[in-house]
Number of protein chains: 2
Amino acid sequence: MDNSTNFIAKLRNSGLRPTKQRLKICEVLFSGKNTFHFSINELSKIIIQKTNEKISLATIYNTVHAFLGKGYIKQIAVNSEQSYYDTNVSEHHHFYDEDKNQLIDIHDSEVEPVKINRKIPGKKIKSIELLVKLQNS
Amino acid sequence: MDNSTNFIAKLRNSGLRPTKQRLKICEVLFSGKNTFHFSINELSKIIIQKTNEKISLATIYNTVHAFLGKGYIKQIAVNSEQSYYDTNVSEHHHFYDEDKNQLIDIHDSEVEPVKINRKIPGKKIKSIELLVKLQNS
DNA sequence: TTCTAGATTATAACTATTCTAAAGTAATAA
DNA sequence: TTATTACTTTAGAATAGTTATAATCTAGAA
Ligand SMILES: [Mn+2]
Ligand SMILES: [Mn+2]
Ligand SMILES: [Zn+2]
Ligand SMILES: [Zn+2]
């Protein structure tokens, strides 16, 4: 399955028509060989830079939300100023460099498995994620 | 040292005069026997409910920021919609109940110690905190 | 008591996000 | 094809959490 087919599948599966704008968003999000972290504003700038065209924020927000709902991207809580997203949708941990405002994936092999010895009645664990804040040393 | 003396000390140490409003904020934040988590809006409502008087949001924000800067309270990243704060300033982990929008402290004895086997050049670790998201089971 | 630096407050400004509604486009049926 | 329709894009308005402003007030020192 080539990229374009894959993008169309992702969009259709998210209940969205494969429009020019949405395919560009897919291109930026899913065609690199590495996953990455982004804010909506950063994504908007990357799109302009890569395709020399601007996509309205409304469309970017809409598409990102649809992909979030389907699990094609995930949201990372780092601060309350703006939302950060991740094209790596596996459950994983992060370093957060507060100076550069940058997230870095931590591979599972780099952390001893986290074990929680407590249950909350009526609740089950949905995800377990570390945020390791960094400062200049 | 009684509460009032303690509050005045905290305020002075934060570079703030002990005014009526700020002492009320201290009362709510620091006189209970348990620590707790709050958003600014929740704090504002608790103050109204406990003291039957309203303190302007500007004053609440200012005071909370000053206390943050001195480490008398800390900020917890759970989502990007609003800031959450914690009167438990020790480094500790949290459950986050997304349905109730509620944070619950996890005691260190309830988690195996987290061990990170990776260094980022020029950076040192400032804090290591887990966010364990819960869903209804 | 007087004086003044600092505090309180209502409200304006700011910014990330969501909403709106007019104009445009993709899908499909004829 | 072409026509029809439902969906999409977009600029800009609205919203909400937060921060800034500036007029009024007050704690603390003299
Ligand atoms: Mn930031
Ligand atoms: Mn906001
Ligand atoms: Zn990641
Ligand atoms: Zn806590």
Side-chain angles (χ1 to χ4, degrees), chain A residues 4-5 7-28 37-48 51-70 73-85 101, chain B residues 4-5 7-28 37-48 51-70 73-85 101:
Chain A
S4 166
T5 314
F7 298 161
I8 291 172
K10 277 193 162 69
L11 287 166
R12 291 255 185 248
N13 193 240
S14 306
L16 300 176
R17 286 181 180 171
T19 63
K20 188 160 73 74
Q21 290 85 346
R22 286 170 180 164
L23 286 167
K24 268 182 196 155
I25 294 173
C26 285
E27 189 77 26
V28 170
H37 308 96
F38 62 92
S39 67
I40 293 292
N41 233 297
E42 287 163 359
L43 180 55
S44 168
K45 281 181 189 138
I46 296 169
I47 291 167
I48 292 172
T51 72
N52 245 33
E53 261 176 272
K54 180 182 184 292
I55 297 178
S56 77
L57 280 180
T59 297
I60 297 176
Y61 273 107
N62 285 342
T63 308
V64 162
H65 284 168
F67 284 162
L68 258 188
K70 284 291 168 178
I73 58 181
K74 64 185 296 199
Q75 200 161 10
I76 310 291
V78 276
N79 65 46
S80 344
E81 287 145 36
Q82 65 193 144
S83 289
Y84 281 84
Y85 302 91
N101 241 358
Chain B
S4 167
T5 314
F7 298 161
I8 291 172
K10 278 193 161 68
L11 287 165
R12 292 254 186 249
N13 192 241
S14 307
L16 300 175
R17 286 181 181 171
T19 63
K20 187 160 73 74
Q21 290 84 347
R22 286 170 180 162
L23 286 167
K24 267 181 199 157
I25 294 173
C26 285
E27 189 77 25
V28 171
H37 307 96
F38 62 93
S39 67
I40 293 292
N41 233 298
E42 287 162 359
L43 180 55
S44 168
K45 280 180 189 138
I46 296 170
I47 291 167
I48 291 172
T51 72
N52 245 33
E53 260 177 273
K54 180 182 183 292
I55 297 178
S56 76
L57 279 180
T59 297
I60 296 175
Y61 274 107
N62 286 340
T63 307
V64 162
H65 283 168
F67 284 162
L68 258 187
K70 283 292 169 177
I73 58 182
K74 66 184 296 198
Q75 199 160 9
I76 310 291
V78 275
N79 65 46
S80 343
E81 286 145 36
Q82 63 192 147
S83 290
Y84 280 85
Y85 302 91
N101 239 359

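Residue numbering restarts at 1 for every chain, and letters A, B, ... go by the order of the sequence lines. Below, each value reflects all heavy atoms present in this structure, side chains not excepted, and no hydrogens, waters or symmetry copies.
Within a heavy-atom distance below 4.0 Å of DNA chain C, the residues of residues 13-20 of chain A found are A:R17, A:P18.
Candidate nucleotides D:dT19, C:dT17, C:dT9 were compared by shortest atom distance to the side chain of B:Y61, and D:dT19 ranks first.
Residues B:I60 and B:I47 have side chains in contact (heavy-atom distance under 4.5 Å, counting atoms from C-beta outward).
For the residue pair A:T59 and A:Q21, the shortest heavy atom distance occurs at CG2-CB, 4.2 Å. Closest of all the heavy-atom pairs between B:V64 and B:L43 is CG2-CD2, 3.8 Å. Shown here for A:F67 and A:K10, the closest heavy-atom pair between the two residues is CE2-O, 4.0 Å. Smallest separation of non-hydrogen atoms from B:N79 and A:A77: N-CB, 4.1 Å. Across all non-hydrogen atoms, the minimal contact from B:F7 to B:C26 is CG-CB, 3.5 Å.
Look at CD on B:Q82: it is 16 Å from C1' on C:dT18, rounded to the nearest Å. A:Q21 places its CD atom 17 Å from the P atom of D:dC7, with the value rounded to the nearest Å. In this structure, B:E81 atom CD and D:dT18 atom C1' are separated by 15 Å, rounded to whole Å. When rounded to the nearest whole Å, the span between CD1 of B:I60 and C1' of D:dT19 equals 14 Å. Going from atom CG of A:L57 over to atom C1' of D:dA13 covers 14 Å, rounded to whole Å. The distance between atom CG of B:N79 and atom C1' of C:dT18, rounded to the nearest whole Å, is 16 Å. Protein atom CD1 of B:I8 is 13 Å distant from nucleotide atom C1' of D:dG28, rounded to whole Å. Between the P atom of C:dT25 and the CG atom of A:L11 lies a distance of 18 Å, rounded to the nearest Å.
Between D:dG17 and A:S80, no contact under 4.0 Å exists linking OP1 or OP2 to a side-chain N or O. A sub-4.0 Å separation between OP1 or OP2 of D:dT18 and a side-chain N or O of B:H65 is absent. For A:T59, a side-chain nitrogen or oxygen approaches OP1 or OP2 of D:dT10 to under 4.0 Å. Between A:R22 and C:dA26, a side-chain N or O to OP1/OP2 separation shorter than 4.0 Å is absent.
Counting non-hydrogen atoms under 4.0 angstrom, B:S83 reaches the backbone sugars and phosphates but no base.
Applying the salt bridge (Lys or Arg N to Asp or Glu O under 4.0 Å) test to pairs two or more places apart or on separate chains, those with a residue in residues 15-26 of chain B are B:K20-B:E53, B:K24-B:E53.
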